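Chain naming here is simple, since letters A, B, ... match the order of the sequence lines and numbering starts at 1 in each. Nothing here was measured: the structure is a model prediction, and the numbers come from that model. Values reported hereafter were calculated over all heavy atoms of this structure, with side chains retained and with hydrogens, waters and symmetry mates removed.
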Amino acid sequence: MPELPEVESLRSLLDRSVAGRTIVGGRIGKKPLRRRVTRDFIADVKGRRIERVARRAKYLLIELSGGLVIVAHLGMSGSITHRDAVAGSFGLDPKHDHAEFALDNGTRLVFNDPRRFGILRLMDRASLSTLKELSALGPEPLGSDFTADYLADKARGRKVAIKNLLMDQRIVAGVGNIYASEILLRAGVRPTRRSARVTRAEIERIAKAVPQVLGEAIEGRGTTFRNYLDSRGEPGRFATKLLVYGREGESCVKCGTPIRRVIVGQRASFYCPKCQR
DNA sequence: CAGATAACCTGCGTGC
DNA sequence: TGCACGCAGGTTATCT
């Protein structure tokens with residue numbers, strides 16, 4: 001479920017709550033995650049300290065002492081919750097807990113993912129850059145190398161719909177289905193437009209909207225559209241700020257025109273036919 | 001090569 | 001209540 005803002009919110013919560021703690025034990029579930037088989041690496045992380053929690057695109061990087069790092073991707077339905085010894089399961093079905101790390105203060109980190117599209121693996125920090133999934137990623141959307149010039153260059157000659165271009169992690173890393181619709185509303189561009197046909201002025205508006213929308217979502221601690229919860233079991237606050245996503249038939253907040261829903265690249269997309277051309 | 005499509009999973013809401 | 005169906009915030013494999 002999570003896109004960049006949800007992962008970044010998780011990162012910052014975890015960095016404050018578990019950095020400095022030592023992993024004293026845990027367990028890895030029997031069912032493998034679908035995208036990457038998770039071997040039982042509890043013995044390898046036991047006794048190591050969590051130095052910091054970082055992020056690259058939608059990947060969470062839990063850096064451990066001794067040069068190891070736990071790479072986690074939440075897929076469509078994953079979450080990582082930080083629970084104390086007496087806390088419940090945060091409403092998550094324990095049968096989808098795939099990993100649990102016990103910390104030296106009696107709390108634990110739990111990776112839960114019903115659909116098992118996520119990734120959880122342990123690697124050497126030094127070999128992180130060789131990880132295929134990470135090395136293919138485009139620039140961070142909140143970084144200085146994601147610019148209108150860059151986006152214009154990537155859009156040039158491309159027939160793919162602009163919304164698909166924004167969701168292509170090799171172009172820019174972190175935009176997912178919800179925020180792509182929100183970004184294009186703010187930029188005033190229909191999601192179906194072929195990338196090569198998007199004008200320079202529109203590209204500039206999109207390049208500006210990307211960090212704006214993602215930044216505001218991070219401030220709101222992400223979006224809870226259905227049931228996503230952060231590491232404390234709390235929903236994100238950005239859901240109330242979604243202006244088009246999930247609002248088919250509702251009036252556009254800017255002009256009152258009914259919001260439309262179309263499928264672009266197999267994904268539901270929402271737009272205002274008047275505000276977006 | 002770019003682009004389109006199917007596939008990987010489980011759960012939930014809807015309508016009959 | 002049960003059941004079929006459509007839908008879900010991601011990514012990859014496999015076609016044309």
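- A donor N or O paired with an acceptor N or O is found under 3.5 Å between the base of B:dC9 and the side-chain atoms of A:R115.
- The listed nucleotides are C:dA8, C:dG10, C:dG9; the one nearest the side chain of A:E6 is C:dG9.
- Applying the salt bridge (charged side-chain N to carboxylate O under 4.0 Å, His left out) test to residues at least two apart or on different chains, the pairs with a partner in residues 72-91 of chain A are A:R83-A:D97.
- Classification of the A:Y150-A:F146 ring pair by plane angle, with boundaries at 30° and 60°, yields perpendicular.
- Within 3.5 Å, a donor on the side chain of A:Q266 pairs with an acceptor on the base of B:dA6, or the reverse.
- Separating the NZ atom of A:K154 from the P atom of B:dC1 is a distance of 13 Å, rounded to the nearest angstrom.
- Among the atoms of the strands shown, none is found under 4.0 Å from any heavy atom of A:R170.
- Side chain to side chain, A:N105 and A:T107 meet the donor-acceptor criterion of an N or O pair below 3.5 Å.
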**Message:** Let's test your reading of the pairing rules: Watson-Crick or G-U wobble, both distances under 3.5 Å, then write DNA chain C as a dot-bracket string with ( ), [ ], | and dots.
**Reply:** .|||||||.|||||||
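- Closest contact between the side chain of A:R158 and the listed nucleotides B:dG3, B:dC8, C:dG9 involves B:dG3.
- Taking atom P in both B:dC9 and C:dT14, the straight-line distance is 14 Å, to the nearest Å.
- Taking only side-chain atoms of A:K159, from C-beta outward, the nucleotide of C:dT11, B:dG3, B:dT10 with the closest atom is B:dG3.
- Side chain of A:H96, nearest nucleotide from C:dT11, C:dG9, B:dG11: B:dG11.
- With hydrogens and angles left out, the side-chain atoms of A:T223 and A:Y179 include a donor and acceptor closer than 3.5 Å.
- Of the candidates B:dG11, C:dG10, B:dG3, B:dG11 carries the atom nearest the A:K95 side chain, counting heavy atoms from C-beta on.
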